[in-house]
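First the structure, which I've put down as structure tokens, then a few questions once you've had a look.
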2 protein chains.
Amino acid sequence: MTTRADYVTRPREAIATVLRREPRFLSAAQIYARLKRSGAGVSLSTVYRTLDRLRAKGEVTERADADGEATFMLCEPAHHHHHAICGECGRVEDVDCTAVEQFAESLRAAHGFELDGHALEFFGRCGACR
Amino acid sequence: MTTRADYVTRPREAIATVLRREPRFLSAAQIYARLKRSGAGVSLSTVYRTLDRLRAKGEVTERADADGEATFMLCEPAHHHHHAICGECGRVEDVDCTAVEQFAESLRAAHGFELDGHALEFFGRCGACR
DNA sequence: ATATTTGCAAATAATTTGCACGTAA
DNA sequence: TTACGTGCAAATTATTTGCAAATAT
């Protein structure tokens, strides 16, 4: 066979729980800290390997934070959208934006630029933090 | 006095020359490689320290590439704009976009989101590479 | 039974720092 | 002369990997 298997393990469930509980971008170290606090015996390397796998499966989105540290959030990029990230609480809201898609297309005319994709992030304070 | 001085040195000029010659995002290692090739005796730490200073002065823009590695380009964010990055040659075109600013503002109504800023990047192939 | 996952400790890779010496002003 | 910059080597930090033991199927 050429297919990969996929076991359901305690460490993986623990990691998924952390990600589900906090819908915002977390670094491997932050996830590891939460696991340790809650008594789950999961190593940092397992955190890395699991995040890698989740990213490959498209279940998690990766993003480099301001310091270049990799952060992850449970979020399928299945239907394309963008993020509004609260600088105060870190909360992330999805922004579905046809407008940007259209704007992106105009690039082709203005710059002769053949588009593959684009990334858009908004920074500020969410409704709850204002 | 509380002000900082700023000396014009051979290493700094060499680094500036590299950045001027290549208007695209380069990593510290790439810049260092070019300096070595051209015989300029400049250390990697100086490359890092100089890029840091240039960023602080707002003369250089920093960006984490796909692997999270820090890359730098001569580009003043004075008047806000965005980048169209060619995946083939790495060329970067500035995209001045009032449209996005307006769209960003609509976020406030739609999500109750108080905006600090935003970042937008386009990926694809530039006119020359098509 | 056996393919897959795990923890640990050691290996990498990027970036930063301490410090004695060099250089612009 | 003196504040500022540099190179070097060592320190830090994030991330990856090898491998023997543990676990899911």
Side-chain angles (χ1 to χ4, degrees), chain A residues 1-19 22 24-57 59-73 90, chain B residues 1-19 24-73 90:
Chain A
M1 78 209 56
T2 37
T3 26
R4 308 272 169 153
D6 230 350
Y7 292 0
V8 175
T9 68
R10 188 182 48 73
R12 287 183 182 175
E13 291 187 323
I15 292 166
T17 297
V18 168
L19 289 172
E22 286 186 78
R24 54 200 214 74
F25 284 99
L26 297 171
S27 68
Q30 289 176 313
I31 294 169
Y32 177 64
R34 283 155 179 69
L35 291 168
K36 203 150 79 174
R37 226 181 290 140
S38 72
V42 179
S43 75
L44 182 54
S45 13
T46 295
V47 173
Y48 275 112
R49 281 183 285 218
T50 301
L51 289 172
D52 231 50
R53 162 182 305 253
L54 290 174
R55 177 172 33 60
K57 294 208 292 176
E59 294 179 10
V60 137
T61 296
E62 181 176 0
R63 175 187 115 83
D65 77 3
D67 303 319
E69 198 174 352
T71 58
F72 305 82
M73 187 174 82
Chain B
M1 77 207 61
T2 37
T3 27
R4 308 273 169 152
D6 231 351
Y7 292 0
V8 175
T9 68
R10 188 182 49 73
R12 288 184 181 173
E13 290 187 325
I15 292 167
T17 297
V18 168
L19 290 172
R24 53 201 215 73
F25 284 99
L26 298 170
S27 68
Q30 290 175 314
I31 294 169
Y32 177 64
R34 283 155 179 69
L35 291 168
K36 203 150 81 175
R37 225 181 289 138
S38 73
V42 178
S43 76
L44 182 54
S45 11
T46 294
V47 173
Y48 275 112
R49 281 184 285 220
T50 302
L51 290 172
D52 232 50
R53 161 182 305 255
L54 290 174
R55 177 172 33 62
K57 295 208 291 176
E59 293 178 12
V60 138
T61 295
E62 180 176 0
R63 178 186 115 80
D65 76 5
D67 302 319
E69 197 175 352
T71 58
F72 305 83
M73 187 175 80

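Throughout, protein chains are lettered first and strands after them, A, B, ... in sequence-line order, and every chain is numbered starting at 1.
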Below the 4.0 Å mark, does C/dT6 have OP1 or OP2 next to a side-chain nitrogen or oxygen of A/Arg12?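 A/Arg12 to C/dT6 OP1/OP2: side-chain N or O found under 4.0 Å.
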Shortest non-hydrogen contact between B/Pro11 and B/Thr46, atoms and distance: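 Heavy atoms only, the tightest pair is CB-CG2, 4.0 Å.
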Provide, to the nearest angstrom, the distance between the CD1 atom belonging to B/Ile31 and the C1' atom belonging to C/dA14.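 Rounding to the nearest Å, CD1 of B/Ile31 and C1' of C/dA14 are 14 Å apart.
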So A/Gly41, base contact, sugar-phosphate only, or nothing? Heavy-atom distance under 4.0 Å.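 Contact class for A/Gly41: sugar-phosphate only.
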Might you point out which heavy atoms bring A/Arg12 and A/Tyr7 nearest each other, and give the distance in Å?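 Of all heavy-atom pairs spanning A/Arg12 and A/Tyr7, the closest is NH1-O, 3.0 Å.
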Check every atom of D/dG7, D/dA14, C/dT15 against the side chain of B/Arg49 and return the nucleotide holding the closest atom.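 Per side-chain heavy atoms of B/Arg49, the pick is D/dG7.
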Salt bridge A/Asp52-A/Arg49, side-chain N to carboxylate O under 4.0 Å: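 The answer is no: the pair does not qualify as a salt bridge.
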Euclidean distance, atom CG of residue B/Leu44 to atom P of C/dA13 [Å, nearest integer]: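 Taking CG of B/Leu44 and P of C/dA13, I get 14 Å after rounding.
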Spacing between B/Tyr32 atom OH and D/dT6 atom C1', to the nearest angstrom: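 Atom OH in B/Tyr32 sits about 13 Å away from atom C1' in D/dT6.
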Residue A/Ala5, side-chain heavy atoms: nucleotide from C/dG7, C/dT4, C/dA14 that is nearest: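 Between C/dG7, C/dT4, C/dA14, the one nearest the side chain of A/Ala5 would be C/dT4.
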For A/Arg53 and C/dT4, what is the distance between atoms CZ and P respectively, to the nearest whole Å?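 So the two atoms are 9 Å apart, to the nearest Å.
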Closest approach to the side chain of A/Thr46, judged atom by atom: which nucleotide of C/dA14, D/dT16, C/dT6 is it?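 Among C/dA14, D/dT16, C/dT6, the one nearest the side chain of A/Thr46 is C/dT6.
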Roughly, in whole Å, what's the span from CD in A/Glu13 to P in D/dA24?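 Distance check: A/Glu13 CD to D/dA24 P gives 10 Å.
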Starting at CD of A/Glu62 and ending at C1' of D/dT15, how long is that distance when rounded to a whole Å?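 The answer, rounded to whole Å, is 11 Å.
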Report the distance from atom CG of B/Leu51 to atom C1' of C/dA14, rounded to the nearest whole Å.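 Atom-to-atom, B/Leu51 to C/dA14, this comes out as 13 Å.
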Between A/Arg53 and A/Asp6, which heavy-atom pair has the shortest distance, and what is it?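 It is NH1-OD1, 2.6 Å.
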If each of B/Asp52 and B/Arg10 is mapped to the nucleotide of DNA chain C with the nearest heavy atom, which maps nearer the 5' terminus, i.e. the 5' end?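 Here B/Asp52 is the residue nearer the 5' end.
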Across the strands shown, which category fits A/Ala70 at heavy-atom distances under 4.0 angstrom: base, sugar-phosphate, nothing?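 Counting heavy atoms under 4.0 Å across all strands, the contact made by A/Ala70 is with sugar-phosphate only.
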Does A/Thr9 or B/Ser45 map to a spot on DNA chain C nearer the 5' end, using the closest nucleotide for each?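 The 5'-side residue here is A/Thr9.
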Any idea which of C/dT16, C/dG7, D/dG5 is nearest the A/Pro11 side chain?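 From the listed options, C/dG7 comes nearest.
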Rounded to the nearest 0.5 Å, what separates atom CD1 in B/Ile15 from atom CG in B/Leu54?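 Result: 7.5 Å between the selected atoms.
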Using a cut-off of strictly less than 4.0 Å, decide whether A/Tyr7 has a side-chain nitrogen or oxygen near OP1 or OP2 of C/dT5.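 Result: no.
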Please give, in whole Å, the distance from C/dT2 C1' to A/Asp6 CG?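 Rounding to the nearest Å, CG of A/Asp6 and C1' of C/dT2 are 17 Å apart.
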If you only use heavy atoms from C-beta on, which nucleotide in C/dT15, D/dT15, C/dT6 is closest to the side chain of A/Tyr48?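 For the A/Tyr48 side chain, the nearest candidate turns out to be D/dT15.
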